[in-house]
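In what follows, every heavy atom counts, from backbone to side chain, and hydrogens, waters and symmetry copies are set aside. Computed from a predicted model, the values in this text were never measured in an experiment.
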Amino acid sequence: TPYMVEVQDTLTSLDYTGTAFVGPARSGKSASALNWLAQTAVCDPADMLIVHMTQNDARKWSKDDLAKMFRNSPHLRSLLRPGRVNDNTFDKEFLSGMRLTIVWPTANNLSAVTISRVALLDYDRMPDDVDGEGTPFDLAKKRTTTFKRFGMTYVESSPNPNKEIEDPKWMPRTPHQAPPVRGIFEIYNRGDRRKWYWTCPKCKEAFEPDFQHLHYPETEDVFEAGESAVMRCPSCQFDMPPGMKEELNLGGRWVRDGMMLLPSGEIVARPDMKPVRSDIASFWLKGPAAGYQDWKNLVIDYLRAEQAYIETGDEAPLKKAVTADQGNYYISKARMSDRKPEDLKQKAENWGTSKDDPTVPWGVRFLTATVDVQARSFVVQVNGFADNGDMFVIDGFKIRSSERLDEDGKNLPLSAFSVAEDWHLLTAQVLHRTYPLADGSGRRMRILSTFCDSGGGEGATHNAYNYWRDLRKSGEGLHRKFALVKGVPSVSLPRASVSWPDSKQTGRKASARGDVPVVLLNSNLLKDMVAAMMQRRPDEPDANDENRGGMLRYADWNEHWFYKQLTNEIRTGKGWENPSSRRNEVFDLTYYAIGGVVRPNDPTAPFVNIQYERINWDNPPTWAAPWDENDQVFGGVAVAEVAETKAEKTRTRLEELGAKLAGRD
């Protein structure tokens with residue numbers, strides 16, 4: 001890892017009071033803090049503070065990496081003061097009087113201490129604001145100010161995939177500027193912004209070894225692509241094989257923002273800008289130069305992640321590939337382009353139906369319903385899923401009237417929050433609802449599963465849980481077709497998982513008693529998937545490719561509010577937000593539908609096991625089979641029978657016509 005030499009040299013330089021290193025996984029950055037500690041203990045004893053992500057991570061680092069260093073370095077071990085009081089998990093005292101303290105980011109740990117050397121490890125996994133008092137870096141750096149130029153604060157990290165660029169249209173003002181992302185990139189931008197450059201062996205021009213310069217063939221075999229990967233010089237197109245990587249790194253140079261590396265090897269100021277000056281030395285290394293990564297795996301992991309996104313809309317693997325592997329920042333696909341109602345309306349399709357006569361479009365294998373709970377209505381959307389990942393919005397309606405009557409014999413308005421019996425309207429109007437097939441056979445398709453929001457105003461959750469219990473008690477098995485869902489804007493939860501909420505309350509008044517399953521939906525990840533589906537078009541060249549991934553499809557009879565509700569939320573670095581608090585039921589109902597069908601199987605939950613992404617379409621479940629074999633299709637006659645009947649009638653008419661003509665003769 002030749003690139004780490006200059007990084008570590010700045011830790012003991014009196015020209016800087018801070019050092020920041022942004023790099024991918026497996027670049028050797030974790031060893032830099034250990035090296036600095038060893039150099040300090042042996043050559044220049046001074047108190048040190050090591051800050052890890054959490055208390056548990058601090059303990060593991062002390063027990064593993066730090067303990068191994070002392071165990072395998074007899075000389076360094078001999079410098080420790082003996083005794084458990086002087087040598088424990090979070091404190092090490094040396095014979096020189098130097099003291100090492102290992103902590104985690106809290107206001108108390110980073111306050112009321114004066115210390116000359118601080119290292120913060122895996123910085124991007126720390127909170128951006130420590131107990132409301134500032135960033136970990138600023139709090140730590142404040143501890144070293146007493147020592148002036150003899151103080152040093154060091155941060156190292158790979159980019160966090162969950163910290164996204166706030167402005168997807170951002171453009172750098174200087175060649176080395178990083179985007180406005182909180183965390184390690186923010187510290188890097190405060191510094192002199194150095195990047196690692198290689199020199200092309202052929203044309204001698206300098207270039208940054210970025211993933212975008214890796215060249216590999218376009219093939220479905222990701223291993224073939226990875227094994228063929230070469231680094232292509234952006235100036236002369238010379239291809240450098242993986243075997244040259246070590247040589248290229250040995251000749252690599254760090255170049256400050258505003259400077260340039262000449263073919264002669266000299267680093268000079270750029271003619272178009274002044275070199276950046278700072279008391280923080282900051283470094284940004286990209287994945288292809290990392291000492292313990294090879295280009296083959298970089299390409300394979302990226303192509304696999306890209307394929308996963310195409311097939312499922314899940315960006316998590318792609319985020320990891322771009323940030324942890326490539327050492328770069330990530331822009332969510334959902335934020336790459338602005339979604340406008342007019343753009344979505346242009347993609348609407350003519351299905352030959354009307355809003356008053358919805359049918360099951362060709363290609364749909366099964367139906368689901370999604371329900372949003374409002375104070376005075378149930379908002380329902382019916383969705384169809386095809387074997388190529390496409391989702392069809394085939395119907396939408398509201399249930400507004402209850403079966404309760406006022407003194408004049410008129411139906412009272414529905415009250416889902418306060419009247420438990422109103423929930424039973426869902427049984428007849430949603431769970432038992434059926435739709436005619438588009439083939440004109442007179443057959444109809446049942447709704448396979450319904451996913452209903454468990455939240456809402458006061459009383460909604462209690463009534464929702466009791467409705468599911470009533471379905472279970474009925475003995476009809478309808479509780480298997482009805483799942484309560486709850487959106488959670490988390491960065492750590494999977495897309496969908498089953499929980500069994502258990503309230504602290506007991507008795508009949510307790511809503512959650514651990515007996516009602518609730519599907520937790522990661523709203524950020526699932527809305528990302530919906531946004532990706534909305535971007536795809538039916539007229540794209542690969543629209544019929546079964547590996548293309550899902551597309552959101554809808555009929556042209558939808559009104560303008562339908563498209564508005566799909567675009568009222570925006571994607572920010574914190575997740576999906578509705579800044580104007582506008583109606584967004586269609587967007588919510590759509591992500592409920594996606595989450596419900598991609599939920600992994602949970603043997604403890606009684607729901608229909610859909611696992612949409614895992615269906616073998618060559619041998620699908622009976623509820624996802626083609627219409628003629630689908631057990632959710634009933635009534636009418638099969639298409640083949642219809643065709644046979646029409647043919648028979650045609651033959652009869654022809655025979656009658658022939659007989660008439662013969663009679664005339």
Side-chain angles (χ1 to χ4, degrees), residues 354-358 367-383 393-436 444 446-447 449-487 501 503 505-513 515-516 518 557-562 564-565 581-589 592:
S354 68
K355 184 171 179 59
D356 297 327
D357 184 30
L367 300 178
T368 70
T370 46
V371 183
D372 189 61
V373 183
Q374 303 288 324
R376 295 296 180 184
S377 66
F378 291 119
V379 183
V380 184
Q381 180 171 294
V382 180
N383 319 282
V393 179
I394 70 172
D395 194 12
F397 57 93
K398 289 185 177 182
I399 304 174
R400 291 190 173 96
S401 298
S402 73
E403 294 181 345
R404 295 175 289 110
L405 303 178
D406 62 15
E407 55 188 21
D408 296 326
K410 296 182 180 180
N411 293 89
L412 289 167
L414 181 141
S415 181
F417 293 177
S418 59
V419 181
E421 66 183 84
D422 285 358
W423 279 75
H424 289 267
L425 294 170
L426 295 174
T427 305
Q429 299 191 42
V430 181
L431 273 64
H432 287 317
R433 201 176 191 88
T434 63
Y435 288 86
R444 303 182 72 87
R446 301 181 183 92
I447 291 175
S449 283
T450 297
F451 308 105
C452 178
D453 182 18
S454 65
E458 185 178 355
T461 301
H462 180 78
N463 289 337
Y465 285 15
N466 283 336
Y467 174 61
W468 187 87
R469 293 182 181 115
D470 290 343
L471 292 177
R472 182 179 56 188
K473 292 176 184 177
S474 71
E476 299 178 37
L478 290 177
H479 66 295
R480 298 191 68 244
K481 301 178 62 174
F482 183 83
L484 294 171
V485 300
K486 181 179 181 181
S503 172
Q505 292 179 315
T506 59
R508 295 176 60 186
K509 292 186 178 181
S511 298
R513 302 197 290 267
D515 64 327
V516 178
V518 175
W557 43 253
N558 282 291
E559 298 177 27
H560 188 68
W561 58 261
F562 175 86
K564 285 281 290 181
Q565 289 191 17
S581 300
R582 295 172 178 166
R583 300 189 73 92
N584 64 344
E585 288 93 335
V586 176
F587 197 34
D588 283 347
L589 292 170
Y592 292 172

Any chance you could measure [X], atom [atom1], to [Y], atom [atom2], to the nearest 0.5 Å?
X: L405; Y: K410; atom1: CG; atom2: NZ; result: 11.5 Å
X: Q381; Y: F562; atom1: CD; atom2: CZ; result: 6.0 Å
X: E476; Y: L471; atom1: CD; atom2: CG; result: 8.5 Å
X: N383; Y: T370; atom1: CG; atom2: OG1; result: 4.5 Å
X: N584; Y: L589; atom1: CG; atom2: CG; result: 9.0 Å
X: K398; Y: Q374; atom1: NZ; atom2: CD; result: 6.5 Å

- Query: With under 30° as parallel and over 60° as perpendicular, where do the rings of F378 and W423 fit, or are they tilted in between?
  - Reply: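 Judged by the thresholds at 30° and 60°, the geometry between F378 and W423 is perpendicular.
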Any idea which heavy atoms bring [X] and [Y] closest together, and the distance?
X: R400; Y: S377; value: CG-CB, 4.1 Å
X: Y435; Y: P358; value: CE2-CG, 3.7 Å
X: A369; Y: I447; value: N-CG2, 3.8 Å
X: L425; Y: S401; value: CD1-O, 3.4 Å

Does any part of the side chain of [Y], heavy atoms only, come nearer than 4.5 Å to the side chain of [X], both counted from C-beta?
X: V379; Y: D588; value: no
X: F482; Y: T427; value: no
X: I394; Y: L367; value: yes
X: N463; Y: V373; value: no
X: D515; Y: Y465; value: no
X: W557; Y: D356; value: no
X: L426; Y: T450; value: no

May I ask you to decide if [Y]'s main-chain N or O and [X]'s side chain share a donor-acceptor pair within less than 3.5 Å?
X: W468; Y: A483; answer: no
X: R404; Y: P413; answer: yes
X: S402; Y: L412; answer: yes
X: D422; Y: A416; answer: no
X: Q565; Y: R583; answer: no
X: D406; Y: D408; answer: yes
X: K481; Y: H432; answer: no

- Task: Please identify each residue that fulfils side chain to side chain contact (heavy atoms under 4.5 Å, CB included) with D357, with sequence neighbours left out.
- Result: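 Only S354 meet the side chain to side chain contact (heavy atoms under 4.5 Å, CB included) criterion with D357.
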- Identify, with sequence neighbours excluded, every residue that meets side chain to side chain contact (heavy atoms under 4.5 Å, CB included) alongside R444.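 Counting only residues at least two positions away or on another chain, R444 forms a side chain to side chain contact (heavy atoms under 4.5 Å, CB included) with T434, P436, F634.
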- Can you establish whether the number of heavy atoms outside Q429 located under 6.0 Å from its atom CD is more than 12?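 Yes, the 6.0 Å shell around CD holds more than 12 heavy atoms from other groups.
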- Check against side chain to side chain contact (heavy atoms under 4.5 Å, CB included), D372 and Y592: CA-CA 9 Å; D372 189 61; Y592 292 172; 3.8 Å; yes
- Take W561 and V586 through the test side chain to side chain contact (heavy atoms under 4.5 Å, CB included) and record every step on the way to the result. CA-CA 9 Å; W561 58 261; V586 176; 3.9 Å; yes
